[in-house]
Peer 1: 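One structure, pasted below without further comment.
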Amino acid sequence: MDLYLNSSKITEIIGVEEEIINRTLERRDVDIEPYLRVVSAPSENLGDRPKPQIQLRIDGLALLIKKLTYNIPTDDIIENLSCQVFHITHLRETSEKLEAENQALIAENEQLKEKIETFQTERGNLSTEVEELKSQLIAEQSKTWVARLLKRGD
């Protein structure tokens with residue numbers, strides 16, 4: 001997450017109109033001033049020079065909300081912030097659940113790899129055993145054929 005927020009991002013977070021936020025930031029209140037920085041932002045017209053844009057460091061957000069509450073009802077801000085907290089809590093719980101599921105899948109994957117190795121070893125042993133049985137069968141078949149020849153010659 002970026003440490004600095006522009007007025008449109010602040011609007012998203014606290015639910016106050018962007019124009020009100022811009023006016024409050026442009027006043028450069030003594031309490032908020034240490035949390036502000038000015039950056040150049042691209043203008044809407046292609047030929048125009050970039051215009052300065054005021055950004056607020058995220059840890060100054062509480063002070064900005066305090067300043068805004070002097071002028072506007074706090075109901076909207078509180079409701080929006082509670083929605084944000086709910087959303088963050090939901091994301092955290094989902095993340096924890098997915099992490100636990102990921103760990104279980106990793107463990108299951110390891111068990112399956114071990115089973116595959118066991119089956120491959122067993123297949124190798126069985127292949128060796130089959131080859132030995134084939135060679136014994138061929139040897140036995142050749143003995144039988146020779147024995148049949150010798151019996152005729154008697």
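In this text, all values refer to a predicted model and were calculated from it rather than measured experimentally. Worth knowing before you read on, the calculation uses all heavy atoms, side chains too, and leaves out hydrogens, waters and symmetry mates.
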Peer 1: Taking only residues two or more places apart in sequence or in another chain, which ones pass side chain to side chain donor-acceptor pair (under 3.5 Å) with E26?
Peer 2: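 E26 satisfies side chain to side chain donor-acceptor pair (under 3.5 Å) with no other residue.
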Peer 1: What are the two closest non-hydrogen atoms of T24 and I20, and how far apart are they?
Peer 2: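 Looking at all heavy atoms of both residues, the shortest contact is OG1-O, 2.8 Å.
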Peer 1: Minimum heavy-atom separation for Y4 to Y35, with atom names?
Peer 2: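 Minimum heavy-atom separation between Y4 and Y35: CE2-O, 4.0 Å.
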Peer 1: Among residues at least two apart in sequence or on other chains, which ones pass side-chain contact (heavy atoms from CB on, under 4.5 Å) with K97?
Peer 2: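 Here no residue qualifies.
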Peer 1: Among L63, I14, I10, which residue satisfies the side chain to side chain contact (heavy atoms under 4.5 Å, CB included) criterion with L68?
Peer 2: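 It is I14, the one option of L63, I14, I10 that forms the side chain to side chain contact (heavy atoms under 4.5 Å, CB included) with L68.
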Peer 1: So, taking the atom named CZ in R57 and the one named CD1 in I32, what distance separates them when rounded to the nearest 0.5 Å?
Peer 2: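 So the CZ of R57 and the CD1 of I32 are separated by 12.5 Å.
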Peer 1: Between S8 and E18, does any side-chain donor sit less than 3.5 Å from a side-chain acceptor?
Peer 2: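 Distance-only check fails for S8 and E18.
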Peer 1: To the nearest 0.5 Å, tell me how far K9 NZ sits from N6 CG.
Peer 2: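 Reported to 0.5 Å precision, the distance equals 8.5 Å.
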Peer 1: Passes side-chain contact (heavy atoms from CB on, under 4.5 Å), E108 versus L105? Steps please.
Peer 2: CA-CA 5 Å; E108 183 179 350; L105 288 173; 4.0 Å; yes
Peer 1: What distance separates E33 CD from L25 CG, expressed to the nearest 0.5 Å?
Peer 2: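 Here the interatomic distance stands at 10.5 Å.
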Peer 1: With a 6.0 Å cut-off (strictly less than), is the heavy-atom count around CD of Q84, excluding the residue itself, greater than 12?
Peer 2: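 Atom CD in Q84 is packed in, count exceeds 12.
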Peer 1: Sort and list the pairs that fulfil salt bridge (charged side-chain N to carboxylate O under 4.0 Å, His left out) and have at least one residue in residues 117-131, not counting sequence neighbours.
Peer 2: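 Counting only pairs at least two positions apart or across chains, the salt bridge (charged side-chain N to carboxylate O under 4.0 Å, His left out) contacts touching residues 117-131 are E131-K134.
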Peer 1: Under a 4.0 Å threshold between the charged nitrogen and the carboxylate oxygen, would D29 count as salt-bridged to R27?
Peer 2: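 Salt bridge absent between R27 and D29.
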Peer 1: Nearest 0.5 Å, what's the CG-OG1 distance between L133 and T128?
Peer 2: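 So the gap between those two atoms works out to 11.0 Å.
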Peer 1: In Å and rounded to the nearest 0.5 Å, what is the NE2 to OG1 distance from H87 to T89?
Peer 2: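 Result: 10.0 Å between the selected atoms.
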Peer 1: Does a donor on one side chain and an acceptor on the other come within less than 3.5 Å for E132 and Q136?
Peer 2: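 No donor-acceptor contact under 3.5 Å links the two side chains.
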Peer 1: Starting from the C-alpha separation in whole Å, work towards a yes-or-no answer on side-chain contact (heavy atoms from CB on, under 4.5 Å) for L5 and E12.
Peer 2: CA-CA 10 Å; L5 306 169; E12 272 182 45; over 6 Å; no
Peer 1: Treating Ile, Leu, Val, Met, Phe, Trp and Tyr as nodes and any side-chain heavy-atom pair under 4.5 angstrom as an edge, say whether L61 and V38 lie in one connected cluster.
Peer 2: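 Yes; tracing contacts between hydrophobic side chains, which count when under 4.5 Å, links both residues.
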Peer 1: Can you tell me how far apart CG (L56) and CZ (R37) are? Round to the nearest 0.5 Å.
Peer 2: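 Here the rounded value is 10.5 Å.
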